[in-house]
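Written out below as structure tokens is the structure these notes cover.
Keep in mind that this is a model prediction, so the values were computed, not measured.
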Number of protein chains: 2
Amino acid sequence: MEEHRHVTIYDIAQKLNLAASTISRALKDHHSISDKTIKKVKQTAKEMGFVPNTLAAGLRGNVTKTIGILIPTVTQPFLSSLISGIEIAAQKSDYSVIIMQSHDSYQMEVDMAKSLYSNRVSGVICSLAMETKDTSHFKQFSNNNIPLVFVDRVPKDYDTFRVVINNYLAGYKATKHLIEQGCKRIAHLTPVSEFGSLYNERKRGYTDALAEHGIPIENNLIISLKKITYEEGVKACNQLFDLKNPPDGLFAPGDLLAVSAVQTAKKRGIKVPDQFAVIGFNNDPISEIIEPNISTITHPAEKMGKAAAELIIKNLKSVKEEDAKEITFLNTQVLVRESSRKI
Amino acid sequence: MEEHRHVTIYDIAQKLNLAASTISRALKDHHSISDKTIKKVKQTAKEMGFVPNTLAAGLRGNVTKTIGILIPTVTQPFLSSLISGIEIAAQKSDYSVIIMQSHDSYQMEVDMAKSLYSNRVSGVICSLAMETKDTSHFKQFSNNNIPLVFVDRVPKDYDTFRVVINNYLAGYKATKHLIEQGCKRIAHLTPVSEFGSLYNERKRGYTDALAEHGIPIENNLIISLKKITYEEGVKACNQLFDLKNPPDGLFAPGDLLAVSAVQTAKKRGIKVPDQFAVIGFNNDPISEIIEPNISTITHPAEKMGKAAAELIIKNLKSVKEEDAKEITFLNTQVLVRESSRKI
DNA sequence: TATTTTAGCACAACCGATTGCGGACAGTAA
DNA sequence: TTACTGTCCGCAATCGGTTGTGCTAAAATA
């Protein structure tokens, strides 16, 4: 096989008896190059199969047109949709996307943040690892004017962009929906020792909705899960159904949990939604397919990704120091389906 | 905010009164640098917050330690698991992963291939877009000794690495399983005008299994779908059930289709698996959760990703020209669950 | 015709890490 | 003392595209 070497602007320059700088300018339609030359250069570039070396451009200009994504995993539907949204928005502005998975490990997140920095990404979009409490490893971005956007799982005390939903309101709306359907005793699942505000906020929405409607909050209807998995959901639901006075509704802060609840109920002969109404969270594909299909809270993953990417790209174009690091709230909606429709 | 500039080896060199080359060598434990100097350099580098600039290293050494992924979309469970596998394997060898979505468009695939080349990725892992018939846009990689691995949706006639499952065998095994369960009239869904061998192979396995067991192949039991979606699946199944002599089994080449089949059957009062046994493909998360849960063919997505990444990394370490561009076949298994268990 | 303007292009420094080559110096052997 | 070996390190070129500066010749103006 022949050993091609990459075609450079110097190769083009030599062929056309021009300077490399002229080639560079011609390729980007610089005004000081004549149309004739521009046409000639572009033509030859195509003929020779020239492909610009982004490394060289990035090194010189300190601009890479690359967005780094740092998330726990790519396999969760919410996160893969997030990536998709980012990638589409990035693509439109000719940005590339480089992805790293922290697997919810703090140490990996630290290492990967460093790696992204090392790659001189133009901006970073991050959803924090479960383990992460300290966020000082993101300072390297802030300190170097590399825009940083946290999405969904965001730190409380870090002055940068955030794209989130209003988890409190979402939890409130979900619970209120169940109340409106006639539920009197509504259970809730929540991960144990969640550092962040995400699930706590949903829970707070839940308790506030109850309180507002004069429904007492019963601690044995609120179950803490070690992990947010199907199996943990089943266990928790069985625990709920075993109560002397079992619940007649459930707000699950994730669709997988909601599915486990619906199926556990069905197995025990409990009618959904008549005896036990369920609402989930996220609008994962599965919520629509399972029978009965599951009421849920929409979580606009792709939109969030798009918003995050656009924040970075916009911020890169005009860096206004005085810009407050805004929080972007995206809307959620109650999607009523069979699992909670009683009236 | 103070305007930091990136710390470079020159900054370290100046501080320690050494040459930049010494810093560079010290940081990678070059033998010609004394232990004392190495220790001192590393110490200072850490203190100053030095992070190597991969662009510079990549430009100079023509080595980027980056793997490009070019796939239709990241939101399909199979593909996001594939990414996960690639990322994990890459991470182990200190490679980064850059992702692009072709959205099954040929033109986007062409553009993105160019972009990956422009980013001077060390290797490329690709699952072809549906539209893609011509694969000449991958020549730029082959011509420049950039290892290229096709996964799952691979071209027929391109001399490079492939990581696939044996779709023929998988289709055969799935169909045989249904036959063994006592099915006499087994239907099959398949995408219309599929260019590649993937679904055709599965179908071939299906027809061969039938033939081998003396079961006639009935063309009205084989339905072509425009798209592989839930809705198309429902439509096709209704068409099947409307037949004078409806099938008693179905081999669906995807779990989503299998789910649509099971649910359509249930809605029409057809007992699964007794009257209608179903087996899907991929072992998507949903197949395990739906009720009845769905028999399927395992599709080792993460393993395939891992294998593909390792092929690239291995090939990068020792480029043996004479190496045949091997095909890696990964195993699939019949996962028998409720939707097809009759005996 | 003399002079100013402007279009069109070349020169060379630059980004930051890498590496072949060679120099300085210390230690050992002859 | 001379020659040789080996250790430790600096010089400078290199990767390829970008950009400020400046030069030349043609066009416009006086």
request  = Sugar-phosphate atoms are those with a prime plus P, OP1 and OP2; base atoms are the rest. Using that split, label each nucleotide of nucleotides 11-16 of chain C B, S or - for protein heavy atoms under 4.0 Å, 5' to 3'.
outcome  = BBBBBB
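- Checked by atom type, the side-chain pair A/Q140/A/N144 shows no donor-acceptor distance below 3.5 Å.
- Residue B/S34 is classed as a sugar-phosphate contact, given heavy-atom separations below 4.0 Å to backbone atoms only.
- The cationic atom of B/K139 (NZ for Lys, CZ for Arg) lies less than 6.0 Å from the six-membered ring centre of B/Y158 and within 45° of the ring axis.
- A salt bridge links B/K306 with B/E310: the closest approach of a Lys/Arg side-chain nitrogen to an acidic carboxylate oxygen falls below 4.0 angstrom.
- Cation-pi contact between A/K42 and A/F50: absent, since separation from the ring centre below 6.0 Å together with deviation from the ring axis within 45° is not met.
- Cation-pi geometry between A/R153 and A/F150 is not met: the NZ or CZ atom fails to fall both under 6.0 Å from the ring centre and inside 45° of the normal.
- Between A/I38 atom CD1 and C/dC9 atom C1' there is a gap of 12 Å when expressed in whole angstrom units.
- Atom pair A/K65:NZ and D/dG17:C1' shows a separation of 15 Å (rounding to whole Å applied).
- Regarding contacts with the backbone of C/dG8, every side-chain N or O of A/T37 stays at 4.0 angstrom or more from both OP1 and OP2.
- Straight-line distance from the CD atom of B/Q14 to the P atom of D/dC11: 13 Å, rounded to whole Å.
- For B/E47, the side-chain hydrogen bond (donor to acceptor under 3.5 Å, both in side chains) criterion is met by B/Q43, not counting sequence neighbours.
- Atom CG of B/N17 is separated from atom C1' of D/dC8 by 16 Å (rounded to the nearest Å).
- Using a 4.0 Å heavy-atom distance criterion, A/I23 is classed as making no nucleic acid contact.
- Regarding B/H31, its NE2 atom lies at a distance of 13 Å from the P atom of D/dC9, rounded to whole Å.
- Rounded to whole Å, the distance from CG on A/L27 to P on D/dG16 is 15 Å.
- In this structure, A/D35 reaches neither bases nor backbone, as no heavy-atom distance under 4.0 Å exists between it and the strands shown.
- Between the A/T44 side chain and the A/K40 main chain, a donor and an acceptor come within less than 3.5 Å of each other.
- Taking atom NE2 of residue A/H30 and atom C1' of nucleotide D/dG17, one finds them 14 Å apart after rounding to whole Å.
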Can you tabulate the close N/O pairs, meaning under 3.5 Å, that link protein atoms to atoms of nucleotides 25-28 of chain D?
none

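- Using a 4.0 Å heavy-atom distance criterion, A/T54 is classed as making no nucleic acid contact.
- A straight line from CG of B/D29 to P of C/dT19 spans 14 Å, rounded to a whole angstrom.
- Under the 3.5 Å distance criterion, with hydrogens and angles disregarded, no donor-acceptor pair is assigned to the side chains of A/T75 and B/S80.
- No hydrogens or angles considered: nothing links the side chains of B/S105 and B/E131 as a donor-acceptor pair under 3.5 Å.
- Between A/K36 and C/dG8 there is no side-chain N or O to OP1 or OP2 distance below 4.0 Å.
- Expressed to the nearest 0.5 Å, how far CG of B/L116 lies from OG1 of A/T54 amounts to 9.5 Å.
- Within the structure, a side-chain polar atom (N or O) of B/K28 is placed less than 4.0 Å from OP1 or OP2 of C/dT18.
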